[in-house]
Amino acid sequence: MTQSPSTPDHANDPGRTDFVRDLVASDIATARFAGRVQTRFPPEPNGFLHIGHAKAIVLDFAIALENNGSCFLRFDDTNPATEDQAYADAICEDIEWLGFSPDGITHASDYFEQLYEWAELLVTKGLAYVDEQSADLIAEQRGGFGQPGVESPFRNRAPDDNLRLLRAMKEGELPEGSCVLRAKIDMQHENMQLRDPVMYRIRHMTHFRTGDTWKIYPTYDWAHGQGDAIEGVTHSLCSLEFSDNRSLYDWFLEQLPLSAPAPYQTEFARLNLTYTTTSKRQLREIVEQGFVEGWDDPRLPTLRALRRRGYPASSIRDFCSSIGVARTNSRHDIELLESFVRADLNRSCLRKMAVLRPLKLVITNWPTDAQNQPIVEYRSLPNNPENEADGQREIPFSGELWIDEEDFKLDPPPKYFRLTPGREVRLRGGYLVTCTDALCDESGRPTEIHCTYDPATAGGAAPDGRKVKATIQWVSAVHALEGSVALYDRLFTEQVPGERTGEPLDDINQNSLDLITGCKFEPSIANLQAGEVVQFERVGYFAADANRELHFHRTVGLRDEWARIQKQAEGS
RNA sequence: UCGGGGAUGGUGUAAUUGGCAACACAACUGGUUCUGAUCCAGUCAUUGGGGGUUCAAGUCCUCCUCCCCGAACCA
């Protein structure tokens, strides 16, 4: 198994351990599996991977990696009604993007034949029987919490008769729903999972891999542990809700003639994040009801959405390994994820200047050439102050510029450092300018700002050492490229969607997308690759859309001290 | 109601297995800065509650409280 070499992940936190790693270490110490470690990531190909899956993927692969073991990707394709090759392809793609290469890609359906043989074995041993009752009846007879179940009238049918019926099920001679194969365990067991669980159901459906060869399909419980055993998995990690299934996992494996020590299951808490959801069902509703534009809409926590939004795979990996593994149900602040994204992007991103909401700034004393045209100068700015090796770029500067509306106030609030009549600020990498005048429309909204510049401050430094409180970004009006930007807000308005009313969709953020057109960009923006992420200085990180020219997705904003001050002012 | 699991700051995760509650995020102070970014310094919990054992308890015992999961021919 491999992982992109660029990211050390756990390496930055060596001594780190958790209950899963403790278990693995102890199994190695006692040679339970002869020192082997093998894990697997077992998604069902009926949906797209999301950030919650990323936690599981990182854990599964990291455990293998740290112990010289291996990790397979195994599709849990036991339900032909909901699964599809397209999902399987998407899952492979997402895992690869995340930075992991499985040691093998397998399917539960690869083992249908072996599973069936073992099912006949259980029938022969009197450990499984065909039940001809309806699903409703079986459910009813299962009993409830604290109440014992009732045994099926078919429970003690002779093995030979069961075998004949099972074969008839397999041959497609019996209609869907007419009967199921059940394990014969204990209808009184306090763990409902052991009250004669269903092993096979009849489905006359086409499976995306096995086609029409099977008329019966194994349930999750009858397929999962067996798949693990066949593949040589040692540590089968899954989420907490499968805790009660563990006894069944063990029971099935105990009945089978295995040559190696049986794998065992360990459960851990799945990932929850504030202001979003990792529920497959909820995500489906959000997409299907049109709250977002598709499974890769950057507002979603799906891996393809995060990728499109510009989240580096390494930041997701780092986040997943930093949050640890426990059995406590918890919910992480989404800010933590965002802080990993910012940390990564701050190091790696080129800086660009962009003006999202343009306001014209005219330098009234800017020189003109012989044709009476404003002269154009090229100012040199670092591509990334965090990394000198990224070099410099030349940006055209002239007498008419765009600045952001937010960087000018006719009537500045307290602690506002930016441009206002009479005040001097720095145009980043350009000159110090002083506002002399502002033209406004009828409603009093500024439409054009007039400034004078100080020719002695070329590059933005004042020879006399005078300080200005603010530096703002700008784009030369005649050279500006025009495009659009999608600003994303949280998917939900509440930290815990659904906590108020019981219905998560009640808390969906109706204003999660703010599409801004008419944005102005510095000319070098034209050289960006599809999907490349840059920092628009003083604004945030933005990913170039893969298809639309000059359209950007806001990955995450910069931390914003001014916004904080304003909020405090509102509060007091 | 029965079974399984869980509870450490605003959030999450640790604590050499009985020995000074640590780290990250958030928040708040302040400093640096040609990004109100980054960076740097500082502040912010005696561990769900009661009782017990012990020189010493987040850790052991005991009683209690609260939370999550489980009664698909889903996974």
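Hydrogens, waters and symmetry mates play no part in the numbers below; they use all other heavy atoms, side chains included. Just so it is clear: chains get the letters A, B, ... in the order the sequence lines come, proteins before strands, and each one is counted from 1. What you see is a predicted model, and the numbers here were worked out from it, not measured in a lab.
Among the protein residues, A/R182 comes within range of no part of the nucleic acid, since none of its heavy atoms lies under 4.0 Å from any strand. Among the atoms of the strands shown, none is found under 4.0 Å from any heavy atom of A/Q141. No engagement by A/E338 is indicated, since no non-hydrogen atom pair under 4.0 Å with the nucleic acid exists. Among the protein residues, A/G540 comes within range of no part of the nucleic acid, since none of its heavy atoms lies under 4.0 Å from any strand. As judged by a 4.0 angstrom heavy-atom cut-off over every strand, A/E537 is placed among the base-contacting residues. As judged by a 4.0 angstrom heavy-atom cut-off over every strand, A/R428 is placed among the base-contacting residues. Across all strands shown, A/R426 has heavy atoms under 4.0 Å from base atoms, whether or not it also approaches the sugar-phosphate.
Annotation: B/A26 and B/U62 have their C1' atoms spaced 38 Å apart (nearest Å). B/C20 and B/A14 have their C1' atoms separated by 16 Å, given to the nearest Å. The gap from the P atom of B/U38 to that of B/C44 amounts to 23 Å, rounded to the nearest Å. When the P atom is compared between B/C23 and B/A41, the two are found 12 Å apart, to the nearest whole Å. Taking atom C1' in both B/A71 and B/U1, the straight-line distance is 12 Å, to the nearest Å. Rounded to the nearest Å, the gap between the C1' atom of B/U35 and that of B/G42 is 24 Å. Only the P atoms considered, B/C60 is 8 Å distant from B/G18, to the nearest whole Å. Comparing the same atom, P, in B/A45 and in B/C55 gives a spacing of 30 Å after rounding to whole Å.
A/K170 forms a cation-pi arrangement with A/Y116, by the criterion of a distance under 6.0 Å to the ring centre and an angle within 45° of the ring axis.
Under the rule for a side chain to side chain contact (heavy atoms under 4.5 Å, CB included), the partners of A/A81 that lie at least two apart in sequence or sit in another chain are A/N79, A/M205. With sequence neighbours excluded, the residues that form a side chain to side chain contact (heavy atoms under 4.5 Å, CB included) with A/Q193 are A/N191, A/D221, A/D244, A/N245. Scanning for salt bridge (charged side-chain N to carboxylate O under 4.0 Å, His left out) contacts around A/R142 gives an empty result, with sequence neighbours left out. Remark: A/D390 engages A/L350, A/N383, A/N384, A/N387 in a side chain to side chain contact (heavy atoms under 4.5 Å, CB included) (not counting sequence neighbours). With sequence neighbours left out, the side chain to side chain contact (heavy atoms under 4.5 Å, CB included) criterion links A/T106 to A/F72, A/R74, A/D110, A/Y111, A/E231.
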Would you tabulate the pairs of protein nitrogen or oxygen atoms and nucleotide nitrogen or oxygen atoms of nucleotides 38-42 of chain B closer than 3.5 angstrom?
{"residue": "B/U38", "atom": "O2'", "partner": "A/N346", "partner atom": "ND2", "Å": "3.1"}
{"residue": "B/U38", "atom": "O2'", "partner": "A/E386", "partner atom": "OE2", "Å": "3.2"}

Polar pairs (N or O, both sides) under 3.5 Å between protein and nucleotides 64-68 of chain B?
{"residue": "B/C68", "atom": "O2'", "partner": "A/N329", "partner atom": "ND2", "Å": "3.0"}

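The nearest whole Å value for the distance from the CD atom in A/E190 to the P atom in B/G3 is 7 Å. When the P atom of B/A37 is taken as reference, atom NZ of A/K469 falls 13 Å away, rounded to whole Å. Rounded to whole Å, atom P of B/G36 lies 19 Å from atom NZ of A/K567. Atom CD of A/Q568 is separated from atom P of B/A26 by 16 Å (rounded to the nearest Å). Note: OH (A/Y200) to C1' (B/C73) measures 14 Å, nearest angstrom. Going from atom CD of A/E132 over to atom C1' of B/C73 covers 15 Å, rounded to whole Å. Rounded to a whole Å, the CG atom of A/N272 is 17 Å from the P atom of B/G6. Separating the NE2 atom of A/H50 from the C1' atom of B/A75 is a distance of 12 Å, rounded to the nearest angstrom.
Between the side chains of A/E267 and A/S239, no donor-acceptor pair of N or O atoms lies under 3.5 Å.
Listed nucleotides: B/U35, B/C69, B/C2. Nearest to the side chain of A/E241: B/C69. Taking every side-chain heavy atom of A/L336 into account, B/C25 is the closest of B/C28, B/C25, B/G36. Closest to the side chain of A/Q535, from the set B/U13, B/G36, B/U35, is B/U35. For A/S339, the side-chain atoms get nearest to B/C25 when compared with the rest of B/C74, B/C25, B/C69. If you check B/A26, B/G12, B/G5 against the side chain of A/S330, the one that comes closest is B/G12. When distances run from any side-chain atom of A/N79 to the nucleotides B/C74, B/A26, B/A71, the shortest one goes to B/C74. Residue A/D333 places its side chain closer to B/C25 than to any other of B/C74, B/C25, B/G70. Nearest nucleotide to the A/R564 side chain, out of B/A26, B/U35, B/C28: B/C28. Distances were taken from every side-chain heavy atom of A/R203 (C-beta onward) to each of B/A37, B/G36, B/C73; the shortest belongs to B/C73.
Judged by closest nucleotide on RNA chain B, A/S243 is the one of A/S243 and A/K280 placed further toward the 5' end.
Between A/F521 and A/F536, the gap from one ring centroid to the other is short of 6.0 Å.
Between the side chain of A/R246 and the base of B/G4 there is no donor-acceptor pair of N/O atoms closer than 3.5 Å.
Scanning residues 216-223 of chain A for heavy-atom distances under 4.0 Å to RNA chain B yields A/T219, A/Y220.
Remark: side-chain polar atoms of A/E537 are not paired, donor with acceptor, to backbone N or O of A/M353 under 3.5 angstrom. In terms of modelled atom types and a separation under 3.5 Å, the side chain of A/R423 and the main chain of A/F417 share a donor-acceptor contact.
For the pair A/F145 and B/G70, the ring geometry qualifies as stacking, because the centroid separation is below 5.5 Å while the planes lie within an angle under 30°.
Remark: RNA chain B takes part in the stems B:2-7 with B:65-70, B:10-13 with B:22-25, B:27-31 with B:39-43, B:48-52 with B:60-64, each of 3 or more antiparallel Watson-Crick or G-U pairs, criterion distances under 3.5 Å.
Applying the side-chain hydrogen bond (donor to acceptor under 3.5 Å, both in side chains) test to every pair with at least one member in residues 459-475 of chain A, sequence neighbours left out, gives these pairs: A/E424-A/R466, A/R426-A/T471, A/D454-A/R466, A/D464-A/R466, A/Q473-A/R538. The salt bridge (Lys or Arg N to Asp or Glu O under 4.0 Å) contacts involving residues 177-187 of chain A comprise A/D131-A/R182, where partners must be two or more places apart or lie in separate chains.
Exactly one of A/L174, A/V180, A/L165 qualifies for a side-chain contact (heavy atoms from CB on, under 4.5 Å) with A/V130. That residue is A/L165.
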Side-chain donor-acceptor contacts of residues 328-335 of chain A below 3.5 Å, not counting sequence neighbours, with atom names and distances?
{"residue": "A/R331", "atom": "NH1", "partner": "A/L273", "partner atom": "O", "Å": "3.2"}

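Taking syn as a glycosidic angle within 90° of 0, B/A72 qualifies as syn.
Checking the phosphate oxygens (OP1, OP2) of B/C2, no side-chain nitrogen or oxygen of A/Q188 falls inside 4.0 Å.
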